[in-house]
Amino acid sequence: MEDTEEDYMSESFINVDQDIRPGMPMLRRVKETFKKEEKQKEANQKSRQKSIKEKEQEQRDTALNIALGNENKGFAMLQKMGYKSGQPLGKSGEGIIEPIPLNMNTGVSGLGHEELKKRKAEEQMENYRRKLHMRKQAEKQTADLFKMRMKTKQEEMQVKRDLEKSQKACHQLDMQKGLELPREVWFWLRPSMQKDVEQQDEEEEEEEEEDDLSASDKLQILTAYLREHYLYCIWCGTAYEDQEDLSSNCPGDTFADHE
């Protein structure tokens, strides 16, 4: 064996420093895989044939990046008139320096298509705003109608409560005066007792006559009767001494006057 050859059993061969940190072999394999994928992508990119649009774009960019020379007739005429490259156009030197940029229409739409598209978008937005406004108005009308119904219902309930209060007060005051029957059948609250058939028939006829009057009409008639005959106001809960005392101290003859 020659001296230049290393003995694989020697200490110099066994004691070679090795990177034995956890995970390092895996990390090297990941890096190698990543490099291979990058090389493959580059190879695919080079081997891929460019499309016609890409070739046209490259040729256009190359041509536009080349400055005009003396071979260009228009540029040569400008130079004869005293123009120098990089100098603004115009006598005052406030004109443009760079040429007007080239905007290519790569789509299949014709002239005016963008304006038409923009106008349609504005019309759609206007229609949307109009519909949104109409929906808000409808919601507001629905809410107002609901509030109106609730207010009407509350007023009807208040009229019913005031009418029952007036009927009780009228019954009590009439009884104190010695009256055995009310002036009108509905001036008093009917007692919840069993009646004979004849009395029920009479009251049914009277109820048919009462149906012509609403609860509000009954309340107005009954409160006027109480104020005239007994100087009594159901909302004040007071029987006044005379008509002058009633007129001076009672706010009015309706529920709204006492709120």
Side-chain angles (χ1 to χ4, degrees), residues 120-259:
K120 286 184 177 180
E122 291 176 353
E123 291 176 357
Q124 290 178 354
M125 180 59 66
E126 185 64 25
N127 291 333
Y128 171 76
R129 290 174 180 169
R130 192 183 301 111
K131 290 179 180 179
L132 184 62
H133 179 67
M134 293 174 63
R135 185 172 64 184
K136 287 183 178 180
Q137 281 187 334
E139 290 176 354
K140 185 177 181 300
Q141 291 177 357
T142 303
D144 293 342
L145 183 60
F146 175 75
K147 290 179 181 179
M148 188 182 301
R149 288 178 179 174
M150 291 299 296
K151 184 179 180 181
T152 303
K153 186 176 181 180
Q154 291 176 356
E155 290 176 351
E156 290 176 353
M157 293 176 64
Q158 183 63 44
V159 168
K160 185 178 179 181
R161 288 194 295 266
D162 291 342
L163 179 59
E164 291 180 357
K165 188 189 297 184
S166 301
Q167 289 171 329
K168 291 179 181 178
C170 182
H171 189 186
Q172 184 178 357
L173 293 172
D174 284 347
M175 293 293 290
Q176 290 176 0
K177 193 175 180 180
L179 297 178
E180 296 182 357
L181 294 174
R183 181 173 178 179
E184 298 289 342
V185 68
W186 52 268
F187 272 25
W188 295 0
L189 279 176
R190 292 189 181 87
S192 56
M193 61 177 62
Q194 197 171 17
K195 306 178 182 66
D196 55 18
V197 178
E198 184 178 353
Q199 187 177 0
Q200 287 182 1
D201 293 339
E202 291 177 358
E203 291 188 356
E204 286 177 359
E205 293 177 359
E206 292 171 353
E207 286 178 358
E208 291 178 359
E209 295 176 358
E210 290 176 26
D211 290 338
D212 296 336
L213 294 175
S214 63
S216 180
D217 294 336
K218 291 179 181 179
L219 178 62
Q220 185 177 1
I221 294 171
L222 188 52
T223 51
Y225 171 79
L226 293 173
R227 293 172 72 88
E228 180 181 354
H229 290 81
Y230 300 108
L231 303 175
Y232 182 79
C233 175
I234 62 167
W235 295 290
C236 296
T238 305
Y240 293 92
E241 295 180 358
D242 51 28
Q243 189 66 37
E244 183 179 355
D245 185 22
L246 175 65
S247 301
S248 301
N249 297 313
C250 180
D253 58 354
T254 63
F255 173 78
D257 296 333
H258 292 76
E259 287 184 332

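Remember, it's a predicted structure, so these values are computed and weren't measured experimentally.
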Asker: Just wondering, do Leu246 and Gln243 contact through their side chains at under 4.5 Å, heavy atoms?
Answerer: yes

Asker: Measure the CE-CG distance between Met125 and Leu132 for me, rounded to the nearest 0.5 Å.
Answerer: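 Those atoms lie 10.5 Å apart.
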
Asker: Within a reach of under 6.0 Å around CD of Gln176, are more than 12 heavy atoms found that belong to other residues, nucleotides or ligands?
Answerer: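 It does: Gln176 CD has more than 12 such atoms within range.
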
Asker: The criterion is side chain to side chain donor-acceptor pair (under 3.5 Å); which residues satisfy it with Asp242, sequence neighbours excluded?
Answerer: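 Partners of Asp242 by the side chain to side chain donor-acceptor pair (under 3.5 Å) criterion come out as none, since no residue qualifies.
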
Asker: Between NZ of Lys218 and CD1 of Ile221, what distance do you get to the nearest 0.5 Å?
Answerer: 9.5 Å

Asker: Starting at CZ of Arg183, measure out to NE2 of His229 and round the result to the nearest 0.5 Å.
Answerer: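 Separation between the atoms: 5.0 Å.
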
Asker: Rounded at 0.5 Å granularity, tell me how far NZ in Lys136 sits from CE in Met134.
Answerer: 14.0 Å

Asker: Pairs of donor and acceptor atoms involving the side chains of residues 231-238, under 3.5 Å and at least two apart or interchain, shall be tabulated with distances.
Answerer:
{"residue": "Trp235", "atom": "NE1", "partner": "Asp162", "partner atom": "OD2", "Å": "3.2"}
{"residue": "Thr238", "atom": "OG1", "partner": "Cys236", "partner atom": "O", "Å": "3.3"}

Asker: Would you compute the distance between atom CZ of Arg149 and atom CD of Glu156 and round it to the nearest 0.5 angstrom?
Answerer: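 Answer rounded to 0.5 Å: 12.0 Å.
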
Asker: Scan the side chains in residues 250-258 for donor-acceptor partners under 3.5 Å anywhere in the protein, sequence neighbours excluded, and list what turns up.
Answerer:
{"residue": "Thr254", "atom": "OG1", "partner": "Asp257", "partner atom": "N", "Å": "3.4"}
{"residue": "Thr254", "atom": "OG1", "partner": "Asp257", "partner atom": "OD1", "Å": "3.4"}
{"residue": "Thr254", "atom": "OG1", "partner": "Asp257", "partner atom": "OD2", "Å": "2.8"}
{"residue": "Asp257", "atom": "OD2", "partner": "Asp253", "partner atom": "N", "Å": "3.4"}
{"residue": "His258", "atom": "ND1", "partner": "Thr254", "partner atom": "O", "Å": "2.8"}

Asker: Can you tell me how far the CG atom of Asn249 sits from the CD atom of Glu244, to the nearest 0.5 Å?
Answerer: 9.5 Å

Asker: Would you call Trp188 and Met175 a side-chain contact if the rule is heavy atoms closer than 4.5 Å?
Answerer: yes

Asker: Are the side chains of His133 and Arg129 in contact, using a 4.5 Å heavy-atom criterion?
Answerer: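 Counting from C-beta outward, Arg129 and His133 never come under 4.5 Å.
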
Asker: Please identify each residue that fulfils side chain to side chain donor-acceptor pair (under 3.5 Å) with Arg161, with sequence neighbours left out.
Answerer: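 Scan of Arg161 (side chain to side chain donor-acceptor pair (under 3.5 Å), adjacent residues dropped) gives Gln158.
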
Asker: Kindly give the heavy-atom pair with the smallest separation between Leu219 and Ser166, and that separation in Å.
Answerer: CD1-OG, 3.6 Å

Asker: Please check if any side-chain donor atom of His171 sits under 3.5 Å from a side-chain acceptor atom of Gln167, or the reverse.
Answerer: no

Asker: Would you call Phe187 and Leu179 a side-chain contact if the rule is heavy atoms closer than 4.5 Å?
Answerer: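 With C-beta onward as the side chain, the pair stays apart.
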
Asker: Count the heavy atoms of every other residue, nucleotide or ligand shown that sit under 6.0 Å from CD of Glu122, and state whether that count exceeds 12.
Answerer: yes

Asker: Restricting to side chain to side chain donor-acceptor pair (under 3.5 Å), what partner residues turn up for Tyr225, sequence neighbours left out?
Answerer: Asp174

Asker: Closest heavy-atom contact between Leu189 and Glu164?
Answerer: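 It is CD1-O, 4.1 Å.
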
Asker: For Lys140, give me all partners under side chain to side chain donor-acceptor pair (under 3.5 Å), at least two apart in sequence or on another chain.
Answerer: Asp144

Asker: Donor-acceptor pair, Ser248 side chain versus Asp245 backbone, under 3.5 Å?
Answerer: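 No, Ser248 side chain to Asp245 backbone: no donor-acceptor pair under 3.5 Å.
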
Asker: Give a yes or no answer on whether the side chain of Asp217 reaches the backbone of Leu213 with a donor-acceptor pair at less than 3.5 Å.
Answerer: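 Not a single qualifying donor-acceptor pair exists.
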
